[in-house]
Undergrad: 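Take this structure first; my questions come after.
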Amino acid sequence: MATTLARACCSTSFGLLDPASLVDSPRLLSSRVSFLGTPVKLNGRLASYQGASEHGGFLHTRRVSQRLQVSAAVKEVTGSLVKGAGLRFGVVVGRFNEIITKPLLAGALDAFYKHQVREEDIDVTWVPGSFEIPVVAQQLAMSKKYHAILCIGAVVRGATTHYDAVANSAASGIMSASLKSNVPCIFGVLTTENMEQAIDRAGGKAGNKGAEAAITALEMASLIQHHLVD
Ligand SMILES: Nc1c(NC[C@H](O)[C@H](O)[C@H](O)CO)[nH]c(=O)[nH]c1=O
Ligand SMILES: CC(=O)[C@@H](O)COP(=O)(O)O
């Protein structure tokens, strides 16, 4: 039986091992591989194990190159969407196409409030256009006053290639602000082919992308603040 188990469950928390080596080293088997569970057979052959590991986490099994890799309980974390109280957010909004960015902002604020983010924990800064968002987002992020920065804009294609310059600069600049500051700067900038597409995404039939981006900002802020910060 041990041979069968070893041949079937040949991984450790340090990676995939040749099952033969486990059979020859029962101590290695007992010390590193922790698995319990009900063997699942397919066509009479052992295919997988399901069940809880000794450590209480869920046992993950999967077929790996005709062998089973069984890892110990996997620790998983994700940001909370219900613990917004106490998290602080900077919001940078482009005024260009404000017929679009104002409803995007309204949707974002509504989403924050619905998830227990307090009004006093949200600061809104207006800039001329999406091209100006990154420099302000980076400054706010570097201030360490906020758990996340939400960037809102609306770049709508016109008759020239200016659209590409603005849209690409905003995207890369906001990403750069995130990476330089280690504070999540969320890309809530619409980039659309025409105004109708923008209207649809600012509270129309495609929803409100400002609200969606606010939820992303909340999750990222919670993930870092509640799980990743020592
Ligand atoms: N055409 C759009 C712009 N253009 C303005 C730029 O963002 C920038 O303010 C200007 O180039 C000066 O640096 N901005 C948008 O947000 N959306 C547009 O559709
Ligand atoms: C995204 C833009 O910069 C664009 O709206 C400007 O319009 P145009 O390309 O016609 O000058």
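Below, each value reflects all heavy atoms present in this structure, side chains not excepted, and no hydrogens, waters or symmetry copies. Read the numbers this way: they start at 1 and go in the same order the structure lists the ligands and their atoms. Remember, it's a predicted structure, so these values are computed and weren't measured experimentally.
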Undergrad: Ignoring hydrogens and geometry, is there a side-chain-to-backbone donor-acceptor pair from Thr101 to Gly94 under 3.5 Å?
TA: yes
Undergrad: Could you list the donor-acceptor pairs under 3.5 angstrom formed by side chains in residues 133-153, with sequence neighbours left out?
TA:
| residue | atom | partner | partner atom | Å |
| --- | --- | --- | --- | --- |
| Ser143 | OG | Leu140 | O | 2.5 |
| Ser143 | OG | Lys145 | N | 3.2 |
| Lys144 | NZ | Ser181 | O | 2.5 |
| Tyr146 | OH | Asp123 | OD2 | 2.5 |
| His147 | ND1 | Arg88 | N | 2.8 |

Undergrad: Is it true that, when you exclude Ile99 itself, more than 12 heavy atoms of the residues, nucleotides or ligands shown sit nearer than 6.0 Å to its CD1?
TA: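 12 or below, so no.
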Undergrad: Just the distances, no angles: every ligand 1 N or O to protein N or O pair closer than 3.5 Å, one line each.
TA:
| residue | atom | partner | partner atom | Å |
| --- | --- | --- | --- | --- |
| ligand 1 | 7 (O) | Ser130 | N | 3.2 |
| ligand 1 | 7 (O) | Phe131 | N | 3.1 |
| ligand 1 | 9 (O) | Glu132 | OE1 | 2.6 |
| ligand 1 | 9 (O) | Glu132 | OE2 | 3.4 |
| ligand 1 | 13 (O) | Glu132 | OE2 | 2.5 |
| ligand 1 | 16 (O) | Ser130 | N | 2.9 |
| ligand 1 | 16 (O) | Ser130 | OG | 2.7 |
| ligand 1 | 17 (N) | Ala154 | O | 2.7 |
| ligand 1 | 19 (O) | Asn97 | ND2 | 3.2 |
| ligand 1 | 19 (O) | Val156 | N | 3.0 |

Undergrad: Decide yes or no for Ile100 and Met195: does some side-chain heavy atom of the first lie under 4.5 Å from some side-chain heavy atom of the second?
TA: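 With C-beta onward as the side chain, the pair touches.
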Undergrad: Would you say that Asp121 contacts Leu87 through its side chain, given a criterion of any heavy-atom pair below 4.5 Å between the two side chains?
TA: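 The answer is no; the side chains never approach within 4.5 Å.
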Undergrad: Given side chains that start at C-beta, do those of Asp164 and Arg157 come closer than 4.5 Å, heavy atoms only?
TA: yes
Undergrad: Please list every donor-acceptor pair under 3.5 Å in which a side-chain atom of residues 201-210 meets a protein atom from a residue at least two apart or in another chain.
TA:
| residue | atom | partner | partner atom | Å |
| --- | --- | --- | --- | --- |
| Arg201 | NH1 | Gln197 | O | 2.9 |
| Asn208 | OD1 | Gly210 | N | 2.8 |
| Asn208 | OD1 | Ala211 | N | 3.0 |
| Asn208 | ND2 | Pro103 | O | 3.0 |
| Lys209 | NZ | Glu212 | OE1 | 3.4 |
| Lys209 | NZ | Glu212 | OE2 | 3.4 |

Undergrad: Find all protein N or O atoms under 3.5 angstrom from an N or O atom of ligand 2 and list the pairs with distances, or write 'none'.
TA:
| residue | atom | partner | partner atom | Å |
| --- | --- | --- | --- | --- |
| ligand 2 | 3 (O) | His162 | ND1 | 2.4 |
| ligand 2 | 5 (O) | Val156 | O | 2.8 |
| ligand 2 | 9 (O) | Ala159 | N | 3.3 |
| ligand 2 | 9 (O) | Thr160 | N | 2.9 |
| ligand 2 | 9 (O) | Thr160 | OG1 | 2.5 |
| ligand 2 | 10 (O) | Ala159 | N | 2.7 |

Undergrad: Got more than 12 heavy atoms from elsewhere within 6.0 Å of CZ, Phe187?
TA: yes
Undergrad: Rounded to the nearest 0.5 Å, what separates atom CG in Leu81 from atom OG1 in Thr216?
TA: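 Answer rounded to 0.5 Å: 9.0 Å.
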